[in-house]
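Chain letters run A, B, ... following the sequence lines, proteins first and then strands; every chain starts at 1. The analysis underlying the following values was restricted to heavy atoms, covering all of them including side chains, and did not include hydrogens, waters or symmetry mates.
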Number of protein chains: 2
Amino acid sequence: MPESPPDPHRPRAPYMRVLDALTVDIEAGRIQPGERIPSESELCERHGVARETARRAVRVLRERGLVETEWGRGTFVRDPSADQGRESGI
Amino acid sequence: MPESPPDPHRPRAPYMRVLDALTVDIEAGRIQPGERIPSESELCERHGVARETARRAVRVLRERGLVETEWGRGTFVRDPSADQGRESGI
DNA sequence: GGGCATTTGTTCGTATGTATG
DNA sequence: CCATACATACGAACAAATGCC
């Protein structure tokens with residue numbers, strides 16, 4: 001690509017964009033605790049990225065404790081007030 | 001691109017093989033319009049692929065308008081003469 | 001009406017190959 | 001060489017509709 005788009009904002013890697021979007025949605029309460037966030041496939045389509053990229057964003061959210069993932073069901077927003085007993089044993 | 005890989009073989013992805021096999025069966029009339037194509041599980045066993053791979057092949061067939069899928073029942077060959085009112089605007 | 005098998009739909013977990021910077 | 005990204009593939013579990021008994 002012989003072009004550098006005049007981009008004053010940092011390029012922000014694709015997974016960062018997905019991460020930002022999800023974080024904002026959660027912190028703004030658009031996705032309530034207990035609710036499911038968009039599936040990986042949906043994130044792929046919505047942001048035009050590959051599944052691995054969407055997964056990376058979700059993984060960061062999980063590591064930050066904002067969400068919990070259940071196999072075959074989806075990824076859900078954790079309740080920040082309720083200590084869901086991961087560390088701090090109960 | 002420093003190199004054009006001298007790759008005379010096109011590996012043809014697994015889902016392509018399944019897709020080809022189904023397409024041939026349909027176009028040769030071995031599966032008649034209205035009839036059901038093999039279930040996803042059957043395609044998996046027959047071709048030795050995972051379900052996602054079989055599903056990908058079927059999805060392409062559906063997008064091409066050769067078949068229609070009904071939840072809980074199966075996937076059926078469409079009648080090319082009978083316009084079932086999707087595309088080909090008539 | 002209920003229970004069960006079949007079938008498609010959905011979702012996450014993991015791995016591999018390729019391309020690019 | 002390595003990190004990022006994409007496409008494909010296989011595996012496993014859950015969910016829902018259908019059809020038969």
Return the set of residues passing side chain to side chain donor-acceptor pair (under 3.5 Å) with A:Arg73 (not counting sequence neighbours), or none when no residue passes. A:Glu70
For A:Glu45 and D:dA7, what is the distance between atoms CD and P respectively, to the nearest whole Å? 12 Å
Which residue lies more 5' along DNA chain D, comparing A:Val49 with B:Val49 via nearest heavy atoms: A:Val49
Quickly work out the B:Glu68 CD to C:dT8 C1' distance and round it to whole Å. 15 Å
Rounding to a whole Å, what distance do you find between B:Leu43:CG and C:dT6:P? 16 Å
Could you tell me which residues satisfy side chain to side chain contact (heavy atoms under 4.5 Å, CB included) with B:Glu27, sequence neighbours excluded, listed by chain and number? B:Thr23, B:Leu66
Those residues that, when tested against B:Glu35, pass salt bridge (Lys or Arg N to Asp or Glu O under 4.0 Å) (two or more places apart): none
For A:Thr69, enumerate each residue passing the side chain to side chain donor-acceptor pair (under 3.5 Å) test, keeping only those at least two apart in sequence or located in another chain. A:Arg62, A:Thr75
What's the CD-P distance between A:Glu42 and C:dG9, to the nearest Å? 17 Å
If you group Ile, Leu, Val, Met, Phe, Trp and Tyr by side-chain heavy-atom gaps below 4.5 Å, do A:Phe76 and A:Leu61 land in one group? no
Nucleotide N/O of nucleotides 12-17 of chain C paired with protein N/O under 3.5 Å:
{"unit_1": "C:dC12", "atom_1": "OP2", "unit_2": "A:Glu40", "atom_2": "N", "d": "2.9"}
{"unit_1": "C:dC12", "atom_1": "O2", "unit_2": "A:Trp71", "atom_2": "NE1", "d": "2.8"}
{"unit_1": "C:dG13", "atom_1": "OP2", "unit_2": "A:Arg55", "atom_2": "NH1", "d": "2.9"}
{"unit_1": "C:dG13", "atom_1": "OP2", "unit_2": "A:Arg55", "atom_2": "NH2", "d": "3.4"}
{"unit_1": "C:dG13", "atom_1": "N7", "unit_2": "A:Arg51", "atom_2": "NH2", "d": "3.0"}
{"unit_1": "C:dG13", "atom_1": "O6", "unit_2": "A:Arg51", "atom_2": "NH1", "d": "3.3"}
{"unit_1": "C:dT14", "atom_1": "O4", "unit_2": "A:Arg51", "atom_2": "NH1", "d": "3.4"}

Under the side chain to side chain donor-acceptor pair (under 3.5 Å) test, residues paired with A:Arg59 that sit two or more places apart: none
When the distance from NE2 of A:His47 to P of D:dA5 is rounded to whole Å, what number comes out? 14 Å
